[in-house]
Amino acid sequence: MIAEKIAELTGHGNPIFTLELSQKPGILFTGGNDKGLVEWSLKTNAFIKVMFLVNASIYAIHCPAGYPLMFAGLRSGQVLVFDFIQQKVIKSLNYHLKPVFDIKSVNGKKELLIASEDGTVSVWSLDTLDMVHSIKVSADTVRCIGVSPDEKQVAFGCRDNVVKIYDLEDYTLVKALHGHTMSVFALAYSTDGRYLVSGGRDAQMKIWDTATYQLIKNIPAHLFAVNHILFHPSQPYFATASMDKSIKIWGADDFKLYKIISREKGYSSHPLSINKLAWNGDQLLSVSDDKNIFIWDIKF
């Protein structure tokens with residue numbers, strides 16, 4: 001496996017916490033501790049514009065398939081809704097009063113899930129943008145959301161070290177997975193739905209069997225917190241990003257480590273915490289506290 005850095009996108013003045021590919025190919029959005037959400041071209045690897053201004057840090061961006069909308073979750077608890085057709089923010093989803101850490105959609109139900117530091121997950125209609133439900137998941141922060149590929153279940157990673165699995169039909173609790181010794185920061189289902197991979201502030205990565213909820217494997221994946229886990233859409237690999245300033249690429253079937261992208265390994269990589277990743281085909285995009293976006297070409 002070969003990794004080569006092919007571009008650096010610079011312009012953010014503060015740490016970048018999140019990124020999201022647009023529904024429109026070749027467009028990337030980023031947000032962080034700046035005053036705006038930024039649009040980039042992946043065709044020219046250049047800044048396009050600031051989409052809209054914000055009054056608090058952006059922790060989550062989500063562009064649901066099939067909708068001309070983008071959602072930005074803020075440290076204030078607000079979620080701003082940007083309409084691509086009208087080219088403006090059309091609504092603020094005001095329910096949470098504490099930071100919003102993750103936003104995901106359930107396409108089959110046309111619903112949006114918003115996870116917050118207040119310990120709840122709010123459920124919204126993508127058609128009407130009205131709130132339809134609220135789930136009290138934890139006494140503390142809900143940090144991340146993972147939706148199973150068949151959209152039958154959803155996993156929430158919590159600050160109390162627990163992963164909670166809910167039935168997506170009626171939002172009832174199915175199982176609580178115990179194993180992490182610190183806050184769960186990252187969750188991802190494998191593309192075939194057989195496994196759920198969790199990563200925590202404890203630097204551990206745990207592989208869970210989704211049929212039995214048994215822990216199959218525990219991997220001391222990084223030196224510090226695992227910030228993000230992301231499966232490649234078509235190749236049998238997944239990537240992890242860490243506070244230890246490294247990106248690692250693992251086998252999705254054997255869970256072996258195949259590549260480490262870090263300064264220690266000779267790459268001109270991020271010198272600070274890597275917060276989030278995105279796959280754009282075989283390109284891996286990373287954002288960091290160092291205010292930069294790097295684009296890596298991965299040859300499998």
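Just so you know, these numbers use all the heavy atoms, side chains as well, and skip hydrogens, waters and symmetry mates.
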Pair I274-N227, side-chain contact (heavy atoms from CB on, under 4.5 Å): steps then yes or no:
CA-CA 7 Å; I274 302 170; N227 287 333; 5.7 Å; no
From Y258 atom OH to Y237 atom OH, the distance as rounded to the nearest 0.5 Å
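Reported to 0.5 Å precision, the distance equals 5.5 Å.
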Pairs in or reaching into [range]: which pass salt bridge (charged side-chain N to carboxylate O under 4.0 Å, His left out), with residues at least two apart or in two chains?
range: residues 198-213; value: none
range: residues 291-300; value: D297-K299
range: residues 258-286; value: none

Checking side-chain polar atoms at under 3.5 Å, does S105 have a donor or acceptor matched by the opposite partner on H62?
yes
Looking only at side chains, do S125 and D127 share a donor and an acceptor under 3.5 Å apart?
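Per modelled atom types, S125 and D127 side chains form no pair under 3.5 Å.
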If you take the centroid of each ring, where Trp contributes its six-membered ring, are H270 and F294 closer together than 6.0 Å?
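Yes, close enough.
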Name all pairs fulfilling the side chain to side chain donor-acceptor pair (under 3.5 Å) condition that reach into residues 154-165, sequence neighbours left out, sorted by first residue then second.
S138-D160
Pairs touching residues 25-34 that satisfy side chain to side chain donor-acceptor pair (under 3.5 Å), sequence neighbours left out
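For residues 25-34, and leaving out neighbouring residues, the side chain to side chain donor-acceptor pair (under 3.5 Å) pairs sorted by first residue read H12-T30, H12-D34, N14-D34, T30-W40, N33-S57.
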Please answer whether the main-chain N or O of [Y] pairs with a side-chain N or O of [X] as donor and acceptor at a distance below 3.5 Å.
X: E151; Y: N107; value: yes
X: S242; Y: V226; value: no
X: E39; Y: L28; value: no
X: T141; Y: R143; value: no
X: S190; Y: Y195; value: yes
X: H180; Y: M182; value: no

Quick one: name the residues clustered hydrophobically with L80, using the 4.5 Å side-chain heavy-atom rule over I, L, V, M, F, W, Y, and just say none if it's on its own.
I27, F29, L37, I48, M51, F52, V54, I58, I61, M70, L74, F82, F84, V89
With clusters built from Ile, Leu, Val, Met, Phe, Trp and Tyr whose side-chain heavy atoms come within less than 4.5 Å, directly or transitively, what are the remaining members of the cluster of F101, listed by chain and number?
F17, Y59
So, using side chain to side chain donor-acceptor pair (under 3.5 Å) as the criterion, who are the partners of K5 when residues are at least two apart?
E8, S268
Under a 4.5 Å cut-off applied to non-hydrogen side-chain atoms, are [X] and [Y] in contact?
X: I16; Y: N275; result: no
X: V81; Y: L129; result: yes
X: L177; Y: L196; result: yes
X: M205; Y: F255; result: no

I'd like to know if L173 and V137 are part of one continuous hydrophobic network [Ile/Leu/Val/Met/Phe/Trp/Tyr, side-chain heavy atoms within less than 4.5 Å].
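As far as the 4.5 Å side-chain criterion goes, L173 and V137 are connected within one cluster.
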Spell out, yes or no, whether M1 and L277 are grouped together once hydrophobic residues are joined by side-chain heavy atoms under 4.5 Å, including indirect joins.
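Hydrophobic grouping puts M1 with L277.
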Taking only residues two or more places apart in sequence or in another chain, which ones pass side-chain contact (heavy atoms from CB on, under 4.5 Å) with [X]?
X: K109; answer: V106, E111, Y171
X: N45; answer: A7, L9, L42, I295
X: Y95; answer: T120, S122, W124, M131, S134

Walk me through whether H228 and F185 qualify under ring-ring contact (aromatic ring centres under 6.0 Å, His included).
CA-CA 7 Å; H228 196 206; F185 278 5; over 10 Å; no
Inter- and intrachain pairs under ring pair (Phe, Tyr, Trp, His ring centres under 6.0 Å), touching residues 136-159, at least two apart
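Only F156-Y166 qualify under ring pair (Phe, Tyr, Trp, His ring centres under 6.0 Å).
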Would L230 and L285 count as a side-chain contact (heavy atoms from CB on, under 4.5 Å) here? Give the steps.
CA-CA 11 Å; L230 190 64; L285 286 56; over 6 Å; no
Assess the residue pair L113 and D102 against the criterion (side-chain contact (heavy atoms from CB on, under 4.5 Å)); give the C-alpha distance rounded to whole Å, side-chain angles, the decisive distance to 0.1 Å, and a yes or no.
CA-CA 8 Å; L113 306 177; D102 204 1; over 6 Å; no
Indicate the atoms forming the closest heavy-atom contact of V163 with A155, along with that distance.
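Taking every non-hydrogen atom into account, CG1-CB, 4.2 Å.
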For L272, I'd like to know if atom CG has over 12 heavy atoms of other residues, nucleotides or ligands within 6.0 Å.
yes
Report the C-alpha separation of H96 and I114 in whole Å, then their side-chain angles, then the decisive distance to 0.1 Å, and conclude whether the side-chain contact (heavy atoms from CB on, under 4.5 Å) test is met.
CA-CA 9 Å; H96 301 285; I114 299 170; 3.7 Å; yes
